[in-house]
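Every number for a ligand or one of its atoms is a count from 1 in the order of the listing. Here the structure is a predicted model, which is why all the values come from computation and not from measurement.
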Amino acid sequence: MVPSRLVVLISGSGSNLQAIIDACNSGEINANIAAVISNKADAYGLERAKQAGIATAVLSHKDFDSREAYDAQLMNVIDTFAPNLVVLAGFMRILTPSLVQKFKGKMLNIHPSLLPKYQGLNTHQRAIDAKDDVHGVSVHFVTEELDGGPVILQAKVPVLADDTADTLAKRVHAQEHIIYPLVVKWFSEQRLTMEADYAVLDEKQLPAHGAHYPE
Ligand SMILES: Nc1nc2c(c(=O)[nH]1)N[C@@H](CN(C=O)c1ccc(C(=O)N[C@@H](CCC(=O)O)C(=O)O)cc1)CN2
Ligand SMILES: NCC(=O)N[C@@H]1O[C@H](COP(=O)([O-])[O-])[C@@H](O)[C@H]1O
C-alpha cells in the first residue's frame with residue numbers, strides 16, 4: 001500500500017509529533033511526514049522535525065489581519081505538500097470553516113480530555129477543580145465545532161488526590177503517545193473514515209464517546 005503523506009501542525013514541544021515520527025520510522029505506521037508546520041517559530045517540535053530530516057514551515061498568525069487570511073495562507077502551504085492526512089498535534093489555533101471543510105474526514109486532532117467533557121483549553125485544571133476521579137485524552141476528526149468532531153479513540157487515566165495540572169498532564173501525555181500513532185496507523189491502513197457525524201473503523205461505527213483504549 002502506498003504510504004500516507006502526513007502534514008503535522010504544531011505550536012509547542014511536539015512530543016506527539018515525535019511519537020508519530022518514531023512510529024513512521026519504525027514502520028509501525030505506513031506513512032511519511034511531508035512537513036511540519038508551526039504557528040510559533042520557537043516551537044521545539046520544529047527542532048524535532050529538523051533532526052528527523054522533515055521539512056518545516058513557520059506561519060505566524062500574528063502576521064495576518066484576520067483568522068480567515070491566516071487560514072487561507074495556511075491552506076496554501078499545506079497544499080504544497082499534498083497530504084492525504086493533516087494531523088493537529090498541539091496546534092493551538094481555532095481553524096475557520098473553509099479550512100476545516102477542505103480537509104473534512106482527513107484532519108485529526110488530539111484533545112487532552114474525555115470529550116465531550118472539557119472542550120477548549122485548560123482541561124487538566126478543570127478536571128482537578130471538578131474533583132473528577134477519571135480524566136484522559138481523545139483523538140477525533142476535526143470539524144467546525146471546536147473539539148466537537150467525531151471521537152475515534154480515547155484513553156482514560158486516574159486523577160490522584162495530590163495531582164497538579166502538571167502531574168496529571170504527564171499521565172495523560174503518556175497515553176497520548178500511544179493512541180495518536182495508533183489512530184494515524186488505522187487511517188494510513190484505510191481502515192478509518194468519517195461519516196456525517198461519527199467515525200467508522202473497519203466498517204464498524206464507533207460509539208460517540210465510548211471507545212476507550214485500555215489504560
Ligand atoms: N475548527 C476547529 N479548529 C480546531 C479544533 C477543532 O476541533 N475545530 N481543535 C483545536 C485544538 N484545540 C483543542 O484540542 C484547541 C486549540 C486552540 C484553542 C484556542 O482557544 N486557541 C486560541 C488561541 C490560544 C493560544 O494561542 O494559546 C485561538 O485560536 O484564538 C482551543 C482549542 C485546533 N483547532
Ligand atoms: N487543545 C489542544 C491541546 O491542548 N492539545 C494538547 O497539547 C499538547 C501538545 O503536546 P506536544 O506538543 O508535546 O505534542 C498535548 O497534550 C495535546 O493533547
**Item:** Audit row: His111, Thr123, side-chain hydrogen bond (donor to acceptor under 3.5 Å, both in side chains) steps and yes/no
**Value:** CA-CA 9 Å; His111 179 77; Thr123 62; 5.3 Å; no
**Item:** Worked verdict on Asp132 versus Lys117 for side-chain contact (heavy atoms from CB on, under 4.5 Å)
**Value:** CA-CA 11 Å; Asp132 292 347; Lys117 287 187 85 170; 3.1 Å; yes
**Prompt:** Hey, mind stepping through Asn30 and Ser188 against side-chain hydrogen bond (donor to acceptor under 3.5 Å, both in side chains) and telling me if it holds?
**Reply:** CA-CA 6 Å; Asn30 182 25; Ser188 298; over 6 Å; no
**Request:** Quick one: do Ser13 and Arg48 satisfy side-chain hydrogen bond (donor to acceptor under 3.5 Å, both in side chains)? Show the steps, please.
**Result:** CA-CA 9 Å; Ser13 166; Arg48 295 180 193 266; 3.1 Å; yes
**Request:** Start with the C-alpha gap between Thr96 and Asp71, add the side-chain angles, then the distance that decides, and say whether side-chain hydrogen bond (donor to acceptor under 3.5 Å, both in side chains) holds.
**Result:** CA-CA 7 Å; Thr96 57; Asp71 278 15; 2.7 Å; yes
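In this structure, the protein non-hydrogen atom closest to atom 10 (O) of ligand 2 is His173 NE2, 3.4 Å. In this structure, the protein non-hydrogen atom closest to atom 1 (N) of ligand 2 is His111 ND1, 3.8 Å. Closest to atom 13 (O) of ligand 2, if we only count protein heavy atoms, is Ser15 OG, 2.5 Å. From the protein, the heavy atom lying nearest to atom 2 (C) of ligand 2 is Met92 SD, 3.7 Å. For atom 18 (O) of ligand 2, the closest non-hydrogen atom on the protein side is Glu176 OE2, 2.6 Å. For atom 9 (C) of ligand 2, the closest non-hydrogen atom of the protein is Gly90 CA, 3.6 Å. The nearest heavy-atom contact from the protein to atom 3 (C) of ligand 2 is Pro112 CD, 3.6 Å.
Surrounding CG of Asn76 are more than 12 heavy atoms belonging to other residues, nucleotides or ligands, all under 6.0 Å away. Atom CD of Gln51 has more than 12 neighbouring heavy atoms from other residues, nucleotides or ligands inside a 6.0 Å radius.
Shown here for Glu144 and Val100, the closest heavy-atom pair between the two residues is N-CG1, 3.5 Å. Here the closest non-hydrogen pair linking Ser11 and Asn39 is OG-OD1, 2.5 Å.
For the ligand labelled ligand 2, residue Gly14 lies inside the 4.0 Å heavy-atom shell. Ile10 does not count as a contact of ligand 2, since none of its heavy atoms falls under 4.0 Å from the ligand.
At least one N or O atom of Asn16, backbone or side chain, sits closer than 3.5 Å to an N or O atom of ligand 2.
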Are any protein N/O atoms closer than 3.5 Å to the N/O atoms of ligand 1? If there are, list each pair with names and the distance to one decimal place.
{"residue": "ligand 1", "atom": "1 (N)", "partner": "Leu95", "partner atom": "O", "Å": "3.0"}
{"residue": "ligand 1", "atom": "1 (N)", "partner": "Thr143", "partner atom": "O", "Å": "3.2"}
{"residue": "ligand 1", "atom": "3 (N)", "partner": "Leu95", "partner atom": "N", "Å": "3.0"}
{"residue": "ligand 1", "atom": "7 (O)", "partner": "Asp147", "partner atom": "N", "Å": "2.8"}
{"residue": "ligand 1", "atom": "8 (N)", "partner": "Thr143", "partner atom": "O", "Å": "2.9"}
{"residue": "ligand 1", "atom": "9 (N)", "partner": "Asp147", "partner atom": "OD1", "Å": "3.3"}
{"residue": "ligand 1", "atom": "14 (O)", "partner": "Asn109", "partner atom": "ND2", "Å": "2.9"}
{"residue": "ligand 1", "atom": "14 (O)", "partner": "His111", "partner atom": "ND1", "Å": "2.9"}
{"residue": "ligand 1", "atom": "14 (O)", "partner": "Asp147", "partner atom": "OD1", "Å": "3.0"}
{"residue": "ligand 1", "atom": "21 (N)", "partner": "Met92", "partner atom": "O", "Å": "3.3"}
{"residue": "ligand 1", "atom": "29 (O)", "partner": "Arg67", "partner atom": "NH1", "Å": "2.9"}
{"residue": "ligand 1", "atom": "29 (O)", "partner": "Ile94", "partner atom": "N", "Å": "3.0"}
{"residue": "ligand 1", "atom": "30 (O)", "partner": "Arg67", "partner atom": "NH2", "Å": "2.9"}
{"residue": "ligand 1", "atom": "34 (N)", "partner": "Arg93", "partner atom": "O", "Å": "2.8"}

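The aromatic rings of Tyr70 and Phe91 sit parallel to each other, their planes meeting at less than 30°, with 60° as the upper class boundary.
Ion pair Lys102/Asp79 flagged as a salt bridge, since at least one NZ, NE, NH1 or NH2 atom sits closer than 4.0 Å to an Asp/Glu carboxylate oxygen.
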